[in-house]
Amino acid sequence: MFVWSKRLVIGLLVGFVVMMAIFTLLPSAGGDVSELKSHTIRWMALNYVGLLIWLFVWMFDQASVRGKNVWLWLLPFLLAPLPTLVSFVLVLQRRMK
């Protein structure tokens with residue numbers, strides 16, 4: 001598995017949160033919500049759900065390769081996916097050394 005540094009992971013998470021905040025919180029040019037922005041947000045939500053499913057499948061695969069139980073990570077993953085993914089990767093790396 002690619003070795004992630006904690007600074008890289010935290011930087012990526014902060015960048016993601018900033019970009020999501022900019023995209024969703026800034027008003028459109030006309031002041032009201034445009035149809036294009038509503039459509040884009042719906043597709044973004046659908047893509048996000050797909051990404052979460054793909055990430056959990058990846059976590060399941062990585063845990064099965066290492067003989068670990070991934071089901072303990074399911075509830076935290078549903079509540080806070082990105083911090084849980086970061087913790088999962090860091091825990092698997094720590095135990096590999």
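All heavy atoms count here, side chains included; hydrogens, waters and symmetry mates do not. Keep in mind that what you see is a predicted model, and the values were worked out from it rather than measured.
Rounding to the nearest 0.5 Å gives a distance of 12.0 Å between CG of Leu51 and CE of Met44. Within the model, atoms CZ of Arg66 and CD of Gln93 stand 8.5 Å from one another, a figure rounded to the nearest 0.5 Å.
The 12-atom threshold is not exceeded at CZ of Phe60, counting heavy atoms of other residues, nucleotides or ligands nearer than 6.0 Å.
When all heavy atoms of Thr84 and Pro76 are compared, the closest pair comes out as OG1-O, 2.9 Å. Smallest separation of non-hydrogen atoms from Gln62 and Phe88: CB-CE2, 4.2 Å.
Linking Ile, Leu, Val, Met, Phe, Trp and Tyr whenever their side-chain heavy atoms come within less than 4.5 Å puts Trp54 and Val89 in one cluster. Put simply, Leu78 and Leu52 are part of the same group of oily side chains (I, L, V, M, F, W, Y) that touch within less than 4.5 Å, one to the next. Hydrophobic clustering, with ILVMFWY side chains joined whenever heavy atoms are under 4.5 angstrom apart, groups Leu85 together with Trp71. With hydrophobic clusters built from ILVMFWY side chains whose heavy atoms lie under 4.5 angstrom apart, Leu82 does not share a cluster with Val49.
By the 4.5 Å heavy-atom criterion applied to side chains, Val91 and Trp73 are counted as neighbours. At least one side-chain heavy atom of Ser64 sits under 4.5 Å from a side-chain heavy atom of Asp61.
Aromatic ring orientation, Phe56 versus Phe77: tilted (interplanar angle from 30° to 60°).
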